[in-house]
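Counting starts at 1 for both ligands and their atoms, following the listed order. Count residues from 1 along the sequence.
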Amino acid sequence: MVNNIAIEKAKTSKIHEVDFDNLSFGSVYTDHMLVCDYKNGEWEAPKIVPYQPISLDPSSKIFHYGQSIFEGMKAYKDEDGKVWLFRPLENFKRLNKSAERLAIPQLPESHFMDGLHALIQLESDWIPTNAGSSLYIRPFVFASGNGFHASPANEYKFIIACAPSGSYFSGKVKVLIEETYSRAANGGVGYAKAGGNYAGQFYPTQLAAAKGYQQVIWTDDNTHEFIEEAGAMNVFVRINDTLMTAPTNDRILDGITRKSILDIAKDEGIKTEVRKISVHELVEAAKNGSLKEMFGAGTAAVVSPISGFGYHGEDYTLPELTDSYASMLKKRITDIQYNRAEDKFGWRYPVQ
Ligand code: PLP
Ligand code: COI
């Protein structure tokens, strides 16, 4: 028992089968997972068990009505072997915000935080230490309850699984500004981290990939005139020396990296603006040379520079900067995450 979490240990470990020098993103999993069931109107005690497949009835509502939400977090190991999380309570709060929107019962904070803590402690040998690597943590909740009736399930599973991971993108990202499809709509579920938000992006992203772009920049569903966010990250734009990002609304995920980057940028004395950014403004800035950089920000992607964007059949390439905001901000945020710098904002959370 750790933090009152029962642990059933795996009989053997797979850790020696893993090539920690060549980790891709999220494709090998640690020895254990946290599992917690919602039954008879309450969340039962979470427990840690060996990582294993789950058996579900074909009528489980997750398969039919997509009641499924998730989070993305990372555990970092510093040079002394100490383990850290980054703003984990924010992920917990956002999980419950997503849960509310998908009519999933609210998870108690202690189930999430104590379960997470115990799991990361147990799996700490799995946290990679190579530059740019970390233990990616995937908490998720889905409707395990049965029935073809289109209504919320009466049973759910909350699971946390972990994957030692390298970078999400291998280099700079070329993006396509979307003019036809929408990721989210007013009054919809865009602000929730709902599985279906990602499923709906795959087809337009495949179309973009066929044209040579790795990510789509979503625009507002009403006019397609304002940029919102990318598939797995919020988007920042630097015009001259001002750093800007779109305001969050019910179509945009309120990214934890996004708000941390805004705080760090302000702390650096960078002028920041949280406001609507039109595609017209972006294209004009690219043409007149005032568009200095664009980058995505997210847990998986960290700070990912954008090499250029496509719009209306034209490609716009961004300049190569030696002193980019992206590289400075990435260094500052990862120095906090990996305990290489003072944490003046109080974001680091020790796992001891
Ligand atoms: N936007 C979307 C659609 C995402 O999937 C993510 C990733 O979690 C983000 C933004 C960035 O959010 P965060 O910084 O909290 O990881
Ligand atoms: C994350 O950044 O953690 C995410 O959830 C993005 C994911 C779709 C890979």
Going by the closest heavy atom to atom 7 (C) of ligand 1, which one wins out of Lys259, Lys193, Arg258, Gln201? Lys193
Sub-4.0 Å heavy-atom contact, Glu71 with ligand 1: no
Could you see which bit of Arg183 sits under 4.0 Å from ligand 1, with heavy atoms only: side chain, backbone, both or neither? side chain
Give the residue, atom name and distance (to 0.1 Å) of the protein heavy atom nearest atom 5 (O) of ligand 1. Tyr198 OH, 2.5 Å
Do Lys61 and Ser151 pair up side chain to side chain, a donor and an acceptor below 3.5 Å, judged on atom types alone? yes
Take atom NZ in Lys211; do more than 12 heavy atoms of anything else shown fall under 6.0 Å from it? no
Examine the side chains of Trp347 and Glu90 and answer whether a donor and an acceptor come within less than 3.5 Å of each other. no
If you count every heavy atom of other residues, nucleotides or ligands that lies below 6.0 Å from Lys276 atom NZ, does the total exceed 12? no
In terms of residue, atom name and distance, what is the protein heavy atom nearest to atom 16 (O) of ligand 1? Thr299 OG1, 2.6 Å
Say whether Asp254, considering both its backbone and side-chain N or O atoms, lies within less than 3.5 Å of an N or O atom on ligand 1. no
Any donor-acceptor pair under 3.5 Å from Glu293 side chain to Ala326 backbone: yes
Enumerate the atoms of ligand 1 whose separation from the nearest heavy atom of Ala297 is less than 4.0 angstrom. 11 (C)
Would you please determine whether Ala301 falls within less than 4.0 Å of ligand 1 on a heavy-atom basis? no
Tell me whether the rings of Phe158 and Phe112 are parallel (<30°), tilted (30 to 60°) or perpendicular (>60°). parallel
Would you mind running through ligand 1 and noting each atom that sits below 4.0 Å from a heavy atom of Arg94? 12 (O), 13 (P), 15 (O)
Have a look at ligand 1 and work out which part of Glu229, if any, has a heavy atom under 4.0 Å from it: side chain, backbone, both or neither. side chain
Does the Asn154 side chain pair with the main chain of Gly145, one donor and one acceptor, at a distance under 3.5 Å? no
Just by modelled atom types, is the Ala246 backbone N or O under 3.5 Å from a matching donor or acceptor in the Glu228 side chain? no
Heavy-atom proximity to atom 14 (O) of ligand 1, picking from Ile261, Asn197, Thr257, points to Thr257
For atom 6 (C) of ligand 1, what's the nearest protein heavy-atom neighbour? Residue, atom name and distance, please. Ala232 O, 3.3 Å
Asp221 versus Asn186, side-chain donor and acceptor atoms under 3.5 Å: no
Checking ring-ring contact (aromatic ring centres under 6.0 Å, His included) against Phe70, which of Phe140, Tyr198, Phe142 comes through? Tyr198
Classify the side-chain pair Thr248/Asp254 by whether it contains a donor and acceptor separated by less than 3.5 Å. no
With a 6.0 Å cut-off (strictly less than), is the heavy-atom count around NZ of Lys330, excluding the residue itself, greater than 12? no
Taking atom CD of Glu284 as the centre, report whether more than 12 heavy atoms of other residues, nucleotides or ligands fall under 6.0 Å from it. yes
Check contact between Gly231 and ligand 1, using heavy atoms of the residue and a distance below 4.0 angstrom. yes
Are more than 12 heavy atoms from other residues, nucleotides or ligands located less than 6.0 Å from atom CD of Gln52? yes
Is there a polar contact, in the sense of an N or O pair closer than 3.5 Å, between Ile256 and ligand 1? yes
May I ask which of Gly298, Ala184, Gly72 has a heavy atom nearer to atom 11 (C) of ligand 1 than the others do? Gly298
If you scan protein heavy atoms around atom 12 (O) of ligand 1, the nearest is Gly255 CA, 3.4 Å
Just to be sure I understand the cut-off, which residues have at least one non-hydrogen atom under 4.0 angstrom from an atom of ligand 2? Phe70, Gly72, Tyr136, Arg138, Tyr168, Lys193, Tyr198, Ala232, Thr299, Ala300
